[in-house]
Participant: 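Before I ask anything, here is the structure I am working with.
Indexing begins at 1, ligand by ligand and atom by atom, following the structure's order.
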Amino acid sequence: MCGIIGLSGHENIISDLLFGLSTLQHRGQTSCGMVTFDKLFHTHKGLGVISHVFDKDSVQKLTGDIGLGHVRYATQGSDDIINAQPFTINYPFGIAMIHNGNIINFNELRKTMYEENHILLETSNDLELILYTFSSELAKKDLKHLKVEDIFEAVTKTQKKVIGAYAAISVIANRGLLAFTDPNGIRPLALGRRQTDTGYEYGFASESSSFDYLGYELMGNLEPGEAVFVDMDNNLFRKICHQKERAFCIFEYIYFAREDSRMHNVLVAEERMKMGRLLAAKVRSAGLQPDIVIDVPSSAYFFAASLAEELGVPYRRGLAKNNHIGRSFILSTQKERETTARLKLNPIKEIVAGKKVVIVDDSIVRGTTSKHIVHLLKKAGATAVYFVSAAPPIKNPCVYGIDMAISDELIGRKSEEEIAKYLEVDALIYQSLDDLQELYKNEGFCYACFSGKYPVSNSLEYLQSVEAERKLNC
Ligand code: AMP
């Protein structure tokens, strides 16, 4: 998963770009980077979080009125600096690009790229593939008289060749800012605008909350397969280039997106509250009578608050979180994950002691965090722990950009009795996939991590090859 932002039209873009990017830091902490353009591209990127990678000097060098920002958490490709985005190439025109997502025909495309276009890719990052596919298609046009329609045609060809999930933003030097999504619209990308004395200026971001901070008005999310181009005079052009059935990632609502973001016209916090009400019905029908409801901070707050409200049971903050420690999930070894989970959360004894506690988390993946939390709560004196997962059992790895572990590691593949026993809980409640699908019927979501129904062809073959490779490297 990554966070992306692209802005154009300001006199000096960098402060807005830097600030906007910082609102997306939750989407990736492995590396980050920004590129701006005046007469040349100016790029700075590095490993780690924004505050480590950028200082006054590096920021001052990023001049220009158009630019891109990226935060990465690796799914495809290694954690090396060579994979940090943005990427730039000098032909045609000079193109800079960033993306969020994952390409599933990576190996085939890489091979064709070499055999047909004689381009040897330098990195293991799938962005390079999108960038070279797009630039090769653009290079076939009449570059002296390039029209917006030529850009959209190059996007269409790219979307037909590059199979997978992606939202991409690009600066085409001296031409403008371009954004596009994959045909199923799996990953989010919002379009916004801001009124200035000389008209509107436009921007794109993974989440609309970035626009709230920057004073942009949200115009909505890009549709599946849509491309949007903003030229140097801030004229906006939109086109659905290559569209298939919408399969927007449900995990954005459950976990990834900030609660103050709007995606496809709904507020994420509101969706979490709806899901919390569904969970309350399940707690009730299991005959549980908790004294308090607490959450695993911070992503589970809205599920827990609405669940508590619906049950008429007090919501309390029962776990304090050290916010200055990285996301445990992103660490690569199980031992690292366990240590970080231990250092991250501290139960507030006075709140939980002597109580039957419902604890709500957004999801259970490997079970590392949940098991640890149950242990903490019992040690702090909770008389019963009922664990509630806002996500249905995760049984299948995501191949569209969310790093979720390989199939064998997913605890959701076991029976609920086995999971409850492993977690040492007094009761385990999962969101029901049927309830979730009923809530969003006819709305076009990807539920593959729960159902195993992958919306993009050849996803299973890709998954098998990735898992075989991962096992070899273990
Ligand atoms: P686990 O400890 O493996 O069961 O992981 C569950 C925890 O990781 C939950 O607290 C989630 O908030 C968090 N989580 C779930 N999915 C992801 C993801 N793809 N990346 C980072 N964290 C995640």
Side-chain angles (χ1 to χ4, degrees), residues 1-3 24-30 49 71-76 79 100-102 165 186-188 206 249-259 268 272 275 294-304 318-319 321-323 325-345 359-377 387-414 416 418-420 422-425 428 430-431 446-450:
M1 185 60 58
C2 298
L24 297 171
Q25 184 76 84
H26 62 288
R27 297 182 70 89
Q29 297 157 8
T30 315
V49 295
V71 287
R72 171 170 194 251
Y73 115 52
T75 43
Q76 172 70 35
D79 294 354
N100 169 28
N102 197 41
I186 297 174
R187 302 263 67 99
S206 297
C249 171
I250 190 72
F251 222 66
E252 288 284 346
Y253 285 2
I254 295 175
Y255 174 68
F256 245 96
R258 287 172 52 138
E259 49 267 66
V268 170
R272 291 185 184 163
M275 294 181 205
I294 68 170
D295 61 329
V296 181
S298 329
S299 43
Y301 168 74
F302 280 99
F303 304 115
L319 288 168
K321 181 179 171 191
N322 177 1
N323 286 316
I325 199 153
R327 280 193 163 178
S328 51
F329 201 92
I330 298 173
L331 302 168
S332 50
T333 69
Q334 181 66 5
K335 200 162 170 21
E336 279 176 321
R337 274 192 294 271
E338 279 168 16
T339 314
T340 316
R342 222 178 23 250
L343 297 175
K344 227 183 209 164
L345 296 167
I359 168 93
V360 188
D361 201 356
D362 54 82
S363 57
I364 305 173
V365 182
R366 296 179 181 86
T368 319
T369 314
S370 336
K371 191 174 171 67
H372 172 64
I373 289 170
V374 175
H375 172 74
L376 284 181
L377 293 174
F387 204 99
V388 175
S389 164
I394 297 177
K395 295 173 188 274
N396 310 282
C398 177
V399 290
Y400 306 131
I402 296 191
D403 192 9
M404 270 185 180
I406 57 174
S407 310
D408 296 352
E409 295 169 350
L410 294 171
I411 198 168
R413 295 197 148 210
K414 296 190 195 301
E416 290 196 17
E418 284 175 301
I419 303 170
Y422 171 78
L423 299 180
E424 297 180 56
V425 288
L428 173 65
Y430 268 112
Q431 181 73 275
C446 173
Y447 298 101
C449 53
F450 313 129

Participant: Classify the ring geometry of F256 against Y73: parallel below 30°, tilted from 30° to 60°, perpendicular beyond 60°.
Facilitator: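 Geometry flag for Y73 against F256: parallel rings.
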Participant: What are the atoms of ligand 1, with element, lying closer than 4.0 Å to any heavy atom of D403?
Facilitator: 18 (C), 19 (N)
Participant: How does D362 reach ligand 1, if at all, at less than 4.0 Å between non-hydrogen atoms: by side chain, backbone, both, or neither?
Facilitator: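 Just the side chain.
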Participant: For S206 and N100, which I'm curious about, is there any donor-acceptor pair between the side chains at under 3.5 Å?
Facilitator: no
Participant: E252 and salt bridge (charged side-chain N to carboxylate O under 4.0 Å, His left out): which partner among R258, R27, R272?
Facilitator: R27
Participant: Please classify the V365 to ligand 1 contact at 4.0 Å (heavy-atom distances, strictly less than): side chain, backbone, both or neither.
Facilitator: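 The answer is both, backbone and side chain.
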Participant: Do other residues, nucleotides or ligands put more than 12 heavy atoms under 6.0 Å from K395 NZ?
Facilitator: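 Counting other residues, nucleotides and ligands, NZ of K395 exceeds 12 neighbours.
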Participant: For E424, does the CD atom have more than 12 heavy-atom neighbours from other residues, nucleotides or ligands under 6.0 Å away?
Facilitator: no
Participant: Who are the salt bridge (charged side-chain N to carboxylate O under 4.0 Å, His left out) partners of D295, not counting sequence neighbours?
Facilitator: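 D295: salt bridge (charged side-chain N to carboxylate O under 4.0 Å, His left out) contacts with R317.
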Participant: Tell me whether V296 reaches ligand 1 (any heavy atom closer than 4.0 angstrom to a ligand atom).
Facilitator: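 In this structure, V296 fails to qualify as a contact of ligand 1 - no heavy atom is under 4.0 Å.
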Participant: Below 3.5 angstrom, do we get any N/O pair linking I364 and ligand 1?
Facilitator: no
Participant: Of all the atoms in ligand 1, which lie at a distance below 4.0 Å from a heavy atom belonging to I402?
Facilitator: 19 (N)
Participant: Within ligand 1, which atoms have a heavy atom of T369 less than 4.0 Å away?
Facilitator: 1 (P), 2 (O), 5 (O), 6 (C), 7 (C)
